[in-house]
Amino acid sequence: IYKPFWNLVGQFNSFSIRRQSLFRPKLYQSVNFNYDSWFQFKTFDFTGFFLFANPGPRYDYFESRNGQTLNLPGSFGGGGFLSTNYARKWALDVNLSLWRQPAFDAQGMNLSISPRFRFSDRFQLQHDLSLDLNDNARGFVTFDENNNAMIGLRDRKDVVNTLNASYAFTPTMNLSFRARHYWSRVSYDDGIMQLMSDGNLMDVGYDENHDINFNLFNIDCVFRWRFA
């Protein structure tokens, strides 16, 4: 907007169409429609939303790991965000996105919440929580004994917790600390199928267990000193 009104001092809208294809050979992949809108308030808080649609069919040439094409149906989704003014002692970032593939009865959600608190001009603490849920999504699992790509109908949950702290001793000297825990669980309750030459999936009775439950914890501590 060019002239502020009500509590708004800024607004942005965009609409885009993107067509994707391989460079060589020249093969069609997908077409995407995207709409974005965000608003800035007098308080310097931001909020916005987005919508997208990927009409099918779509063709994935990389998921198989061996050059085979994986046929995918269309999908659609949307989401929104909120970001409060970082000049305040307490600030919050929230992002939410949802998607769905009706033909596969697949859907997913991503939610991230990031509160931060500035105790002083020197010390700040921030916690990031990210939750990623995917239900009945398609993805590569392994190769069978005949080197056929096996694609799983999987439910996946990823949870990431990160604690960040920073302390500035001087304008050129600071200490940062990060503790991060990552948890991922993948289950193939709906089966694992063979990817055929036509890009579709066939149930061949594959029954090996490839479920995953993975945890990772790491700590980083960095001292920075900038000098000429």
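Numbers for residues simply follow the sequence, beginning at 1.
Atom OH of Tyr35 has more than 12 neighbouring heavy atoms from other residues, nucleotides or ligands inside a 6.0 Å radius. Within a 6.0 Å sphere centred on CE of Met173, other residues, nucleotides and ligands contribute more than 12 heavy atoms. More than 12 non-hydrogen atoms from other residues, nucleotides or ligands lie less than 6.0 angstrom from CZ of Arg88.
Formation of a donor-acceptor pair under 3.5 Å by the Gln68 side chain with backbone atoms of Leu195 is found in this model. Ser187 places no side-chain N or O within donor-acceptor distance of the main-chain N or O of Asp189, the cut-off being under 3.5 Å. For the pair Asp158 (side chain) and Tyr182 (backbone), a donor-acceptor distance under 3.5 Å is absent. Judged by distance alone, with hydrogens and angles left aside, the side-chain atoms of Arg58 form a donor-acceptor pair with the main-chain N or O of Pro73 at under 3.5 Å. Of the possible donor and acceptor atoms, none in the side chain of Arg100 sits under 3.5 Å from a partner among the backbone N and O of Phe76. Asn209 places a side-chain N or O within donor-acceptor distance of the main-chain N or O of Asp211, the cut-off being under 3.5 Å. Between the side chain of Glu63 and the backbone N or O of Phe140, at least one donor-acceptor pair lies under 3.5 Å. No side-chain donor-acceptor contact under 3.5 Å links Asn161 to the backbone of Leu129.
Considering CG of Leu216 and CZ of Arg180, their distance stands at 6.5 Å, rounded to 0.5 Å. Separating the CZ atom in Phe49 from the CH2 atom in Trp38 is a distance of 13.0 Å, to the nearest 0.5 Å. Taken to the nearest 0.5 Å, the OH atom of Tyr59 stands 13.5 Å off from the OG atom of Ser21. One finds the CG atom of Asn164 at 8.5 Å from the CG atom of Leu125 (value rounded to the nearest 0.5 Å). Here the CG-OG distance, from Asn110 to Ser112, works out to 6.0 Å after rounding to the nearest 0.5 Å. We find the OG-CZ distance between Ser30 and Arg19 to be 9.0 Å, quoted to the nearest 0.5 Å.
Residues Asn85 and Ala91 approach most closely at O-CB, 3.8 Å, considering heavy atoms. Residues Asn213 and Asn215 share a closest heavy-atom pair of OD1-ND2, 3.9 Å. Smallest separation of non-hydrogen atoms from Asn147 and Asn66: O-ND2, 4.1 Å. Taking every heavy atom of both residues into account, Met109 and Asp132 meet most closely at O-OD1, 3.3 Å. Between Phe62 and Leu22, the closest heavy-atom pair is CZ-CD2, 3.6 Å. Scanning all heavy atoms of the two residues, the minimum distance from Ile219 to Ala179 falls at CG1-CB, 4.3 Å.
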Discussion item. For a side-chain contact (heavy atoms from CB on, under 4.5 Å) check, start with the C-alpha distance between Met196 and Gln194, then their side-chain angles and the critical distance, and finish with the verdict.
Written reply: CA-CA 6 Å; Met196 309 305 291; Gln194 181 180 324; 3.8 Å; yes
Item to complete: Take Asp128 and Ser114 through the side-chain hydrogen bond (donor to acceptor under 3.5 Å, both in side chains) test and state the conclusion after the steps.
Response: CA-CA 4 Å; Asp128 300 324; Ser114 179; 2.4 Å; yes
Discussion item. Does Ser64 form a side-chain contact (heavy atoms from CB on, under 4.5 Å) with Leu70? I'd like the steps, not just the answer.
Written reply: CA-CA 7 Å; Ser64 65; Leu70 173 62; 5.8 Å; no
Worksheet item: Which is it for Gln29 and Tyr61 under the side-chain contact (heavy atoms from CB on, under 4.5 Å) test, yes or no, and what are the steps along the way?
Response: CA-CA 8 Å; Gln29 289 182 281; Tyr61 302 103; 3.5 Å; yes
Item to complete: Show your working on side-chain hydrogen bond (donor to acceptor under 3.5 Å, both in side chains) between Ser75 and Gln101 and close with a plain yes or no.
Response: CA-CA 5 Å; Ser75 63; Gln101 283 182 326; 4.8 Å; no
Item to complete: Show the numbers, then the answer: is there a side-chain contact (heavy atoms from CB on, under 4.5 Å) between Asp93 and Leu82?
Response: CA-CA 6 Å; Asp93 289 312; Leu82 169 68; over 6 Å; no
Item to complete: Verify ring-ring contact (aromatic ring centres under 6.0 Å, His included) between Trp225 and Phe227, making sure each step is shown before the conclusion.
Response: CA-CA 6 Å; Trp225 183 17; Phe227 56 89; 5.0 Å; yes
Discussion item. Please evaluate residues Asp45 and Thr84 with respect to the criterion side-chain hydrogen bond (donor to acceptor under 3.5 Å, both in side chains), reporting the C-alpha separation (whole Å), side-chain torsions for both, the decisive distance (0.1 Å), and the verdict.
Written reply: CA-CA 4 Å; Asp45 299 320; Thr84 63; 4.8 Å; no
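In this structure, Arg65 fails the cation-pi test against Phe143, since its NZ or CZ atom is not both closer than 6.0 Å to the six-membered ring centre and inside 45 degrees of the ring normal.
Taking 4.5 Å as the limit, some side-chain heavy atom of Asn32 sits within range of a side-chain heavy atom of Gln20. With a 4.5 Å cut-off on side-chain heavy atoms, Asn174 and Arg226 count as touching. Counting heavy atoms from C-beta on, the side chains of Arg118 and Lys89 come closer than 4.5 Å. When side chains are defined from C-beta on, Leu201 counts as touching Arg138, because their heavy atoms get closer than 4.5 Å. For the pair Leu72/Asp60, a side-chain contact is recorded, criterion being any heavy-atom separation below 4.5 Å from C-beta on. A 4.5 Å side-chain heavy-atom check between Lys157 and Trp183 finds at least one atom pair inside the cut-off. Looking at heavy atoms from C-beta onward, Phe12 lies out of side-chain contact with Gln40 at the 4.5 angstrom threshold. Counting only heavy atoms from C-beta outward, the side chains of Phe104 and Leu153 never approach each other to under 4.5 Å.
With hydrophobic clusters built from ILVMFWY side chains whose heavy atoms lie under 4.5 angstrom apart, Val204 shares a cluster with Ile192. Residues Trp90 and Phe44 do not share a hydrophobic cluster, defined by chaining ILVMFWY side chains whose heavy atoms lie under 4.5 Å apart. Note on Val94 and Leu96: same hydrophobic cluster, where clusters join Ile, Leu, Val, Met, Phe, Trp and Tyr whose side-chain heavy atoms are under 4.5 Å apart, directly or indirectly. Following chains of ILVMFWY side-chain contacts shorter than 4.5 Å, one cannot reach Val222 starting from Phe169, and the two form parts of different hydrophobic clusters. Cluster membership for Leu131 and Leu163, using ILVMFWY side-chain heavy atoms within less than 4.5 angstrom, is shared.
Two rings, from Phe119 and Phe117, have their centers less than 6.0 Å apart.
Between Arg156 and Asp135, none of the side-chain N atoms (NZ, or NE/NH1/NH2) sits under 4.0 Å from a carboxylate O, so this pair counts as no salt bridge.
Using bins of under 30°, 30° to 60° and over 60° for the plane-to-plane angle, the ring pair Phe123/Tyr167 lands in the tilted bin. Ring planes of His210 and Tyr188: perpendicular class, angle over 60° (limits at 30 and 60°).
Asp220 pairs by the salt bridge (charged side-chain N to carboxylate O under 4.0 Å, His left out) definition with Arg178, not counting sequence neighbours.
Grouped with Phe52 in one hydrophobic cluster are Phe50, Trp99, the linkage being side-chain heavy-atom contacts under 4.5 Å among Ile, Leu, Val, Met, Phe, Trp and Tyr residues.
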